[in-house]
Amino acid sequence: MSSAATIRNRAAWTPADLPASNQRFVHASGSPLESLDPATGELVARVRTSTQAEVDEAVGVAREAAKGRWRDDGALRGRVLYRYAQALRADIDRIAELLTREQGKKLFEARAEVMGAANHVEYYAGQARAVHGRAMALGPNVHGVTLREPVGVVAVITPWNWPLTLLTRSLAPALAAGNAVVAKPASLTSAVTVAALAPLADDPELPEGILGCVLGSGAVVGEALVRHPGVEMIAFTGESTTGIDVMKTAADRLKKVSLELGGKSPNVVFADAPMDKALDGAIAAAFSSTGQICTAGSRLVVERSIADEFLERLGERVDGLRVGDGLDPDTDVAPVVSRTQQRQILEYIELGRREGELVRGGEPLRGDAYASGYYVSPAVVRGLPSESRLIQEEIFGPVLAVQVFDDDEEAIALGNGTRFGLAAGLWTNNLQRAWRVGRELEAGTIWINTYNRFYSELEVGGVKESGVGRQQGVVGLEEFTEVKSLNFDFNPTLW
Ligand code: NAD
């Protein structure tokens, strides 16, 4: 691994850094788009955005490719995906450094993200040869067969917070199922997405057009893709309000959608919990990735009998967190992604100060190192009314809102008290309680005595306004297929 200074001194990344052989998968020659380093505010990368003609071109070649050999050759798809997983692992230093420079996250997290992306691709490389239907006897000489067919052209639209794992979580099963994909990353993480897709585009066996990428704003390029008559399915990861708009637009042509949206997840700590483990879990749930995780445990829901002690010990841990540059190995909390995001988070903290008690955070970070980057010190707020925006809205930053309960029923009511339903954490040594409360909490994922653990094999997704459909696992592959039924009647007469 290179030192922070060496990495910072590198010239701004552009698509010209890609091997000449695969630059054609990026359909973008329009106005320039620049990424700034969240740690310093300096230019990191420059790409170009896609014009409407280039969106049409990407979808057009994808449609042709989707009709070809890729659709029916699971062994080919498996080989290509398997080599892609290996290529991501081999290129981890370069991709992770660009990810940290463009998005701001800690280099350790960026490396974990590249590994997570490779794991998703490798898992679905195995699944590519097992996209099967069923056969059944339906009566004397009557047989039914189902086929799982690819949907066609899938638009994969991704956010900036985990741009590579969230990309591969949709892209890999879509490709494994035999679809063609046009990817549209968030503007803030365009360069690292293109760099991470390049090894796949470069595979000698990948048919031309099966992978395309368009770049630009959501309102223009993202919307053009969702509206495009040549796109059959939208796999969207992003904010709930954007996801609702995407679903409305897709409804014009009844397109299939998979929506992975926002959250305001409760992390519920009972008095009988393993306290040290729960403290570590609460810190990691709220502040890892600087709180910019859809499943962040951004609401700590703690039992009253231990609340004061728990918050005192939590506060000591927060005091020990070092805010700094993502390239510095001693950093615990890296900058947030942009100046706009920083301003919004500081406004939420000010609101928390007015509406509740700011237990930690909110103080300005002094020193030259913090002057030009987008830093926020982690904050903990208690005593908020349940209708407070800090309880109800996704802040997407290092801000933990605390709620206190007296019994299981109140814990469940507080846990379910928002429009979101993405994930929840439960900390208890009582198995019966874990089962009962876990069943009552409205969320797609419940972590028990752990938090934010992801496995390619295990489905994730949201209920309520956190999403539609599931990703990862076998169900995550099935989302990218349509079932066709063939009904064979071998009887001599029809009726
Ligand atoms: P966002 O909704 O602003 O943008 C997401 C993507 O959609 C971007 O590529 C954007 O350019 C595009 N987009 C925006 N408007 C569009 C439109 N009208 N039509 C088509 N595309 C459009 O989200 P963000 O700020 O990039 O990411 C943060 C959000 O993502 C948070 O709400 C977070 O919770 C959510 N998220 C959810 C998951 C999950 O798995 N549920 C995972 C990560 C992030």
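Order of listing sets the numbers, starting from 1, for every ligand and every atom in it.
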Under 4.0 Å from one or more heavy atoms of Glu260, ligand 1 contributes atoms 37 (C), 38 (C), 39 (C), 40 (O), 41 (N)
Exercise. For ligand 1, is Ile157 a contact, meaning one of its heavy atoms is under 4.0 Å away?
Worked result: yes
Which of Ile234, Val246, Thr249 passes side chain to side chain contact (heavy atoms under 4.5 Å, CB included) with Lys255? It is Ile234
(request) Begin with the C-alpha distance, continue with both residues' side-chain angles, and end with the deciding distance and a verdict on side-chain hydrogen bond (donor to acceptor under 3.5 Å, both in side chains) for Glu479 and Ser258. (result) CA-CA 8 Å; Glu479 295 273 345; Ser258 151; 5.0 Å; no
shortest atom 19 (N) of ligand 1-to-protein heavy-atom contact is with Glu223 N, 3.5 Å
protein heavy-atom neighbour closest to atom 21 (N) of ligand 1 works out as Gly222 CA, 3.6 Å
Going by the 4.0 angstrom heavy-atom rule, the piece of Trp162 near ligand 1 is neither
Under 4.0 Å from one or more heavy atoms of Pro185, ligand 1 contributes atoms 9 (O)
The protein heavy atom nearest to atom 9 (O) of ligand 1 is Thr158 O, 2.7 Å
Atom 24 (P) of ligand 1 has as its nearest protein heavy atom Trp160 NE1, 3.4 Å
* Do the charged groups of Lys264 and Glu394 touch, with an N to O distance under 4.0 Å? -> no
Among Leu261, Val337, Ile293, the residue with a heavy atom nearest to atom 37 (C) of ligand 1 is Leu261
Given side chains that start at C-beta, do those of Val192 and Leu164 come closer than 4.5 Å, heavy atoms only?
yes
The closest protein heavy-atom partner of atom 43 (C) of ligand 1 is Leu166 CD1, 3.2 Å
If we number the atoms of ligand 1 from 1 as shown, the ones under 4.0 Å from a heavy atom of Asn161 are 43 (C), 44 (C)
Taken in chain and number order and not counting sequence neighbours, the residues that satisfy ring pair (Phe, Tyr, Trp, His ring centres under 6.0 Å) with Tyr375 are Tyr370
Among Gly262, Gly238, Pro159, closest by heavy atom to atom 35 (C) of ligand 1 is Gly238
Counting heavy atoms under 4.0 Å, the part of Arg169 that contacts ligand 1 is side chain
Sorted by chain and number, sequence neighbours left out, side chain to side chain donor-acceptor pair (under 3.5 Å) with Trp427 holds for Asn267
Checklist entry - What do you think, any protein heavy atom under 4.0 angstrom from atom 4 (O) of ligand 1? => result no
In ligand 1, the atoms that come under 4.0 Å of a heavy atom of Leu422 are 41 (N)
Pairing donors with acceptors under 3.5 angstrom, does anything connect the side chains of Glu54 and Ser29? yes
Check your understanding: Quick one: does Val226 get an N or O within less than 3.5 Å of an N or O on ligand 1?
Key -> no
> Using 4.0 Å as the upper bound for N to carboxylate O, is an ion pair formed by Arg24 and Glu208?
Replying inline: yes
In this structure, atom 42 (C) of ligand 1 is nearest to the protein heavy atom Cys294 SG, 2.9 Å
*Indicate yes or no: does an N/O atom of Glu239 lie under 3.5 Å from an N/O atom of ligand 1?*
yes
Honestly, for Ser187 the part within reach of ligand 1 (heavy atoms, under 4.0 Å) is neither
*Thinking salt bridges, do Asp332 and Lys106 make one under a 4.0 Å N-O criterion?*
no
Item to complete: Could you walk me through whether Glu223 and Lys184 pass the side chain to side chain contact (heavy atoms under 4.5 Å, CB included) test, one step at a time?
Response: CA-CA 10 Å; Glu223 167 116 12; Lys184 206 302 277 174; over 6 Å; no
Of all protein heavy atoms, the one nearest atom 31 (C) of ligand 1 is Glu394 OE1, 3.4 Å
Query - Gln472 and Tyr455, any side-chain heavy atoms less than 4.5 Å apart - result: no
Walk me through it: do Asn161 and Leu166 pass the test side chain to side chain contact (heavy atoms under 4.5 Å, CB included)?
CA-CA 9 Å; Asn161 63 322; Leu166 301 172; 3.5 Å; yes
heavy-atom search around atom 10 (C) of ligand 1 in the protein gives Lys184 NZ, 3.7 Å
(message) Between the side chains of Arg89 and Glu122, is the shortest nitrogen-to-carboxylate-oxygen separation below 4.0 Å, so that they form an ion pair?
(response) yes
